[in-house]
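No experiment lies behind these values; they were computed from the predicted model shown. Residue numbers begin at 1 in each chain, while the letters A, B, ... track the order of the sequences.
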Amino acid sequence: MAGPDGAVVSTPTHAPHMATMNPMHQAALSMAHAHGLPSHMGCMSDVDADPRDLEAFAERFKQRRIKLGVTQADVGSALANLKIPGVGSLSQSTICRFESLTLSHNNMIALKPILQAWLEEAEKSHREKLTKPELFNGAEKKRKRTSIAAPEKRSLEAYFAIQPRPSSEKIAAIAEKLDLKKNVVRVWFCNQRQKQKRMKYSAGI
DNA sequence: ATGCATGAGGC
DNA sequence: CCTCATGCATA
């Protein structure tokens, strides 16, 4: 299903990983913030951690992005042009996940101000009919993606249901039963745990 | 849009 | 080895 903005663009200009945003403890993630939200605050930045605000922003963001005729991949590479310290480009995947709220709450909060800044610049430029220089390049990489068959996937899900964090030995045993590489199984469990923490599927919101 | 993967940082 | 942010490859 290639969506209207399902552009596949390569972003070769890749900076090594940038800044580490917020070192935080896992326990601090499920923090709530039930305050009355006073209506006369001085000038708070975008440090609000309200899921409803994030949801609203993500939706507005997507709509305005589309109005501008910009793809998710375009936004990702354009971020580098903002020249924000510690902020480079992002992938189509990340922009997509931001819009669909399939990132961790913390990740959403960290990305919001950056994407908001981009949106404001993009709309300003659009008004002025300015064209931004595009950056194209050729790429030549071919990483392969393992594909776990449905039966094996169902087994993994069953194991996950009773033990989300199996020991190394248990993982090895599961890997052998399903005839998969141990590392493939280990990573599958890691990714599964991460999925549970996505904003959209987390019950703690 | 999403599955499997990588790498930094942490314990 | 884990978590977390992030991305290539692909459905």
A.B. asks: Taking only N and O in the side chain of A:Thr146, is any of them less than 4.0 Å away from OP1 or OP2 of B:dG3?
C.D. replies: no

A.B. asks: Can you list everything that forms a side chain to side chain contact (heavy atoms under 4.5 Å, CB included) with A:Lys177? Sequence neighbours excluded, please.
C.D. replies: A:Tyr159

A.B. asks: Round to the nearest Å and state the distance from A:Leu90 atom CG to C:dC8 atom P.
C.D. replies: 11 Å

A.B. asks: I'd like to check A:Gln163 versus A:Arg165 (side-chain heavy atoms, cut-off strictly below 4.5 Å). Are they in contact?
C.D. replies: yes

A.B. asks: By side chain to side chain contact (heavy atoms under 4.5 Å, CB included), which residues pair with A:Ile84, not counting sequence neighbours?
C.D. replies: A:Leu82, A:Val87, A:Ala117

A.B. asks: Return the value, rounded to whole Å, for the distance between atom CZ of A:Arg165 and atom P of B:dC11.
C.D. replies: 14 Å

A.B. asks: C:dC1 P sits how many Å from A:Ile171 CD1, rounded?
C.D. replies: 8 Å

A.B. asks: Hey, does A:Lys153 reach any base, or is it just sugar-phosphate, or nothing, if we go heavy atoms under 4.0 Å?
C.D. replies: sugar-phosphate

A.B. asks: When the distance from CD1 of A:Ile95 to P of C:dC8 is rounded to whole Å, what number comes out?
C.D. replies: 12 Å

A.B. asks: Looking only at side-chain N and O atoms, does A:Ser168 come under 4.0 Å of OP1 or OP2 in C:dC1?
C.D. replies: yes

A.B. asks: Round to a whole Å and report the spacing from CD of A:Gln192 to C1' of C:dC2.
C.D. replies: 16 Å

A.B. asks: Kindly say whether, by distance alone, the side chain of A:Ser91 makes a donor-acceptor pair under 3.5 Å with the base of C:dC8?
C.D. replies: no

A.B. asks: Has A:Asn183 got a side-chain N or O lying under 4.0 Å from the OP1 or OP2 atom of B:dA5?
C.D. replies: no

A.B. asks: Is a donor from one side chain sitting under 3.5 angstrom from an acceptor on the other, for A:Thr102 and A:Lys195?
C.D. replies: no

A.B. asks: Under 4.0 Å from OP1 or OP2 of C:dG7: is there any side-chain N or O of A:Thr94 that close?
C.D. replies: yes

A.B. asks: From B:dC4, B:dA1, C:dC2, pick the nucleotide closest to the side chain of A:Gln72?
C.D. replies: B:dA1

A.B. asks: Quick one: which of B:dA1, C:dT6, C:dC2 gets closest to the side chain of A:Lys62?
C.D. replies: B:dA1

A.B. asks: The side chain of A:Asn191 is closest to which nucleotide in this list: B:dT2, B:dC4, C:dT6?
C.D. replies: B:dC4

A.B. asks: Between A:Arg97 and A:Lys144, which is nearer to the 5' end of DNA chain C once each is assigned its nearest nucleotide?
C.D. replies: A:Arg97

A.B. asks: What integer distance in Å separates A:Gln194:CD from B:dC4:C1'?
C.D. replies: 11 Å

A.B. asks: Picking from B:dT2, C:dT3, B:dG3, which would you name as closest to the side chain of A:Gln92?
C.D. replies: B:dT2

A.B. asks: Does A:Ser147 have a side-chain nitrogen or oxygen under 4.0 Å from the phosphate oxygens OP1 or OP2 of C:dT10?
C.D. replies: no

A.B. asks: Tell me: NZ of A:Lys197 to P of C:dT6, nearest whole Å?
C.D. replies: 16 Å

A.B. asks: Salt bridge or not for A:Lys62 and A:Glu59, using N-O below 4.0 Å?
C.D. replies: no

A.B. asks: Name the orientation class of the two ring planes belonging to A:Phe189 and A:Phe160 (parallel below 30°, tilted from 30 to 60°, perpendicular beyond 60°).
C.D. replies: tilted

A.B. asks: In whole angstrom, give the distance that lies between atom CG of A:Leu79 and atom C1' of C:dG7.
C.D. replies: 14 Å

A.B. asks: Let's test your reading of the model: under 3.5 Å, does the base of B:dT2 pair with the side chain of A:Ser93 as donor and acceptor?
C.D. replies: yes

A.B. asks: Could you tell me whether the phosphate oxygens of C:dC2, OP1 or OP2, come under 4.0 Å of any side-chain nitrogen or oxygen in A:Arg186?
C.D. replies: yes

A.B. asks: Compare the minimum distances between each of C:dC2, B:dC4, C:dA5 and the side chain of A:Arg143, then state the nucleotide with the smallest one.
C.D. replies: B:dC4

A.B. asks: Which nucleotide in the list C:dC2, C:dA5, B:dT2 gets nearest to the side chain of A:Arg145?
C.D. replies: B:dT2

